[in-house]
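All chains are named by letter (A, B, ...) in the order of the sequence lines, taking the proteins before the strands, and each is independently numbered beginning at 1.
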There are 2 protein chains.
Amino acid sequence: MTITQLKYVLAVAEHQNFTKAAENTFVTQPTLSMQIQKLEDELDILIFDRSKKPIELTDIGKKIVSQARNIVNEADRMQDVVDQQKGFIGGEFKLGIIPTIMPTLLPMFLRTFTKRYPKVQLKIEELTTDEIISKISENHLDAAIAATPLYQEKIRERALYYEPFVGYIPKSHRLAEKKEIETADLDIEDILLLEDGHCFRDGVVNLCKSPKLHADQSFQLESGSFETLIKLSNEGLGMTLLPYLHTLEISEKQKDNLRYFAKPHPSREVSLIYSTSELKLQIINALYDTISGVVRGAIAFQDVEIISPTKKNRK
Amino acid sequence: MTITQLKYVLAVAEHQNFTKAAENTFVTQPTLSMQIQKLEDELDILIFDRSKKPIELTDIGKKIVSQARNIVNEADRMQDVVDQQKGFIGGEFKLGIIPTIMPTLLPMFLRTFTKRYPKVQLKIEELTTDEIISKISENHLDAAIAATPLYQEKIRERALYYEPFVGYIPKSHRLAEKKEIETADLDIEDILLLEDGHCFRDGVVNLCKSPKLHADQSFQLESGSFETLIKLSNEGLGMTLLPYLHTLEISEKQKDNLRYFAKPHPSREVSLIYSTSELKLQIINALYDTISGVVRGAIAFQDVEIISPTKKNRK
DNA sequence: CAAATACTATCGATAAAATTTATAATTACT
DNA sequence: AGTAATTATAAATTTTATCGATAGTATTTG
């Protein structure tokens, strides 16, 4: 059994086709046929059911493929071990970002980062916090950006910035006349929230230390995007809360509706998180430096109070 | 990079000597030299510092070896995947056993097991419960026998038997006249215990629901073996508690000093434990069947009350 | 201090293997 | 039936792994 054979198996399993797999692995099709046959002989099992079209994995073949993926993944990480030692900044890097951070933060640092570290191939994925936690643990993700703290033993967090919550309060709202708002002003009943599961929503719910918290059925209007919330709010359906960076992008007219909190500003902590195994630490450092540098210009709040995401139902 | 090269690296790292490593891997020494050089060239690093005698790993070499071990371990497990599918019962099997179970249980099932499953190469190690938990998680152990429950999410437990605690009470002791003893009779102050860290000790401490529990300094006489405890007890230093299976092996004269508990018999649960990944399930089943079959004849108590090991300081 | 010892690297030869090109066999599709 | 698509086989070629012999280099020993 060789690592090469295992890679061939993975390629054929992926493409369900020897010819296409051969093209992707840059060898000829007979090479795949023979090497996979050799592996099948050695293990004395059939990995593929060649009678089916397209080709299929046998039952044992599925397990073989799963284990092959483990082996090949571990083998691929050898290069990362070496890169880390050499301080080489390059290679593929998989970054996860939660939905409420992705659209505002990504445009702020992506161009700068790719220019500064051209040898790093960033693969960015929008994921929920739970997906991020499990993917980091299983080494399917090199790092992620999420609201913290997460209280995960095997995940390190490095705070990038503290992003205040800002009230978006339409003219018709009872708080519209106030210049500054306070947490005590908030009534969970008339705040529009993201749909259940977003950690931003969890943060807001934590913010309103209302005893009505458990009356979940009262949240009738929930949306997946802040744009929708703003529109609903304009329709007089209530106020909403936005993350500070998002307020930089709304129209001038809408900015009139923004109301900041009195100090200390309630905020969410946004961090770069990664596995304690700390492979690719160089790239993590590079990302951290780039993002915190870019954000430092955009966010200049002091005196923040951190609202933690809850442990359950976060996105 | 090939799996073979990684195995060579591991061999040289282990023996700190190319020549001996070559003998162990059944190739000639030049083969090792060349293949390891090839790997070093490919990764463009030095794994070994050949100027030191005996040969040493470089800093990066240590990390390479660690990663190589990961890869080779995963590769070795491929055969297990196949064996499991085929229902083949054989191959190497690493079993851990805690010290208070090892000497009595091992002789009871080892002969039967090796006769029934001659193709299984059992490698048995005496380990503390904590060592067992970490080694099972890291796949350095295929299964283990320990006192349960352990409350470990990633470890499965299958109860083998319930082993009652039996009092060993010398003539001079205040309880010597009783035919049956009860937990209420116990005074932690005059019970001889194993040294701190044994989970059997923890079980006994749990048994005596005494408020004096925290006065740890009162346990002055502690030993690592039940034989010593019995001797100390005979010297009039107090009573002690033994696991039932151990009482089958003491002399007739000493058996006079045994006092059983009234029902329900306080007992420890002894289980076969293994990772949830469940590779080598065939062998685990075989072990379970053999041990529970052998023990069924030896232990025939009903009406047991299970005393759990504590989570801290267990062995 | 020189000889012996222990160990690793290098060289050339050889055996083993992986890969390629060419082609046959099989299956699916029209 | 004929064509297209796909996998298997065969023979040739290139590449790689291993070995035996030996050179080089410390380390130890008499």
Side-chain angles (χ1 to χ4, degrees), chain A residues 1-58 60-62 64-65 68 71-72 75-76 78-79, chain B residues 1-62 64-65 68 71-72 75-76 78:
Chain A
M1 182 173 73
T2 68
I3 296 172
T4 311
Q5 287 171 347
L6 298 176
K7 285 182 177 169
Y8 292 164
V9 169
L10 292 183
V12 174
E14 185 188 344
H15 295 97
Q16 298 196 325
N17 179 315
F18 276 70
T19 314
K20 283 172 193 158
E23 287 164 14
N24 273 274
T25 46
F26 307 105
V27 289
T28 57
Q29 168 268 317
T31 301
L32 288 196
S33 273
M34 296 188 82
Q35 288 306 316
I36 289 178
Q37 277 179 44
K38 255 184 69 175
L39 181 61
E40 288 179 325
D41 285 352
E42 182 185 333
L43 298 178
D44 193 27
I45 42 94
L46 275 181
I47 299 173
F48 296 102
D49 180 348
R50 296 157 172 82
S51 71
K52 302 269 178 58
K53 305 280 161 165
I55 221 162
E56 265 181 30
L57 284 165
T58 60
I60 175 67
K62 288 173 192 159
I64 298 281
V65 164
I71 299 170
V72 172
D76 284 345
M78 184 63 90
Q79 189 59 53
Chain B
M1 182 173 73
T2 68
I3 296 173
T4 311
Q5 286 171 347
L6 297 175
K7 285 182 176 169
Y8 292 166
V9 168
L10 292 183
V12 173
E14 185 188 343
H15 295 98
Q16 299 196 326
N17 180 313
F18 276 68
T19 314
K20 284 173 192 157
E23 287 164 13
N24 274 274
T25 46
F26 307 104
V27 290
T28 57
Q29 168 267 316
T31 301
L32 287 197
S33 274
M34 295 187 84
Q35 288 306 315
I36 288 178
Q37 277 178 45
K38 255 182 69 175
L39 181 60
E40 287 179 325
D41 286 351
E42 182 185 333
L43 299 177
D44 194 26
I45 42 95
L46 275 181
I47 299 174
F48 295 101
D49 181 348
R50 296 155 172 87
S51 69
K52 301 270 176 59
K53 307 280 161 163
I55 222 162
E56 264 181 31
L57 284 165
T58 60
D59 283 353
I60 175 67
K62 288 174 192 158
I64 298 281
V65 164
I71 299 169
V72 172
D76 284 345
M78 184 62 90

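For the pair I36(B) and F18(B), the minimum side-chain heavy-atom distance is below 4.5 Å. Looking at L43(B) and Q79(A), their side chains come closer than 4.5 Å, going by heavy atoms from C-beta outward. Taking the side chain as every heavy atom from C-beta outward, L57(A) and I47(A) approach each other to under 4.5 Å. The closest side-chain heavy-atom distance from L10(B) to V65(B) is below 4.5 Å. Looking only at side-chain heavy atoms (C-beta outward), D76(B) and K7(B) come within less than 4.5 Å of each other. When side chains are defined from C-beta on, M1(A) counts as touching I3(B), because their heavy atoms get closer than 4.5 Å. Taking 4.5 Å as the limit, every side-chain heavy atom of T58(A) sits out of range of all side-chain heavy atoms of F48(A). Residues Y8(A) and V12(A) form no side-chain contact, since every pair of their non-hydrogen atoms from C-beta on lies 4.5 Å or further apart.
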Legend entry - Steps toward side chain to side chain contact (heavy atoms under 4.5 Å, CB included) verdict (L6(A), L39(A)): CA-CA 8 Å; L6(A) 298 176; L39(A) 181 61; 4.1 Å; yes
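Within residues 22-39 of chain A, the residues approached by DNA chain D to less than 4.0 Å at the level of any non-hydrogen atom are Q29(A), P30(A), S33(A), Q37(A), in residue-number order. Heavy-atom distances under 4.0 Å link DNA chain C to N17(B) of residues 1-17 of chain B, given in residue order. Residues from residues 45-60 of chain B with heavy atoms under 4.0 angstrom of DNA chain C, sorted by number: R50(B), I55(B).
Panel note: side chain Q35(A), backbone Q5(A); no donor-acceptor pair is recorded below 3.5 Å.
Note on T19(B): a side-chain N or O is less than 4.0 Å away from OP1 or OP2 of dT8(C).
Taking atom CZ of F18(B) as the reference point, atom C1' of dG24(D) lies 15 Å away to the nearest angstrom.
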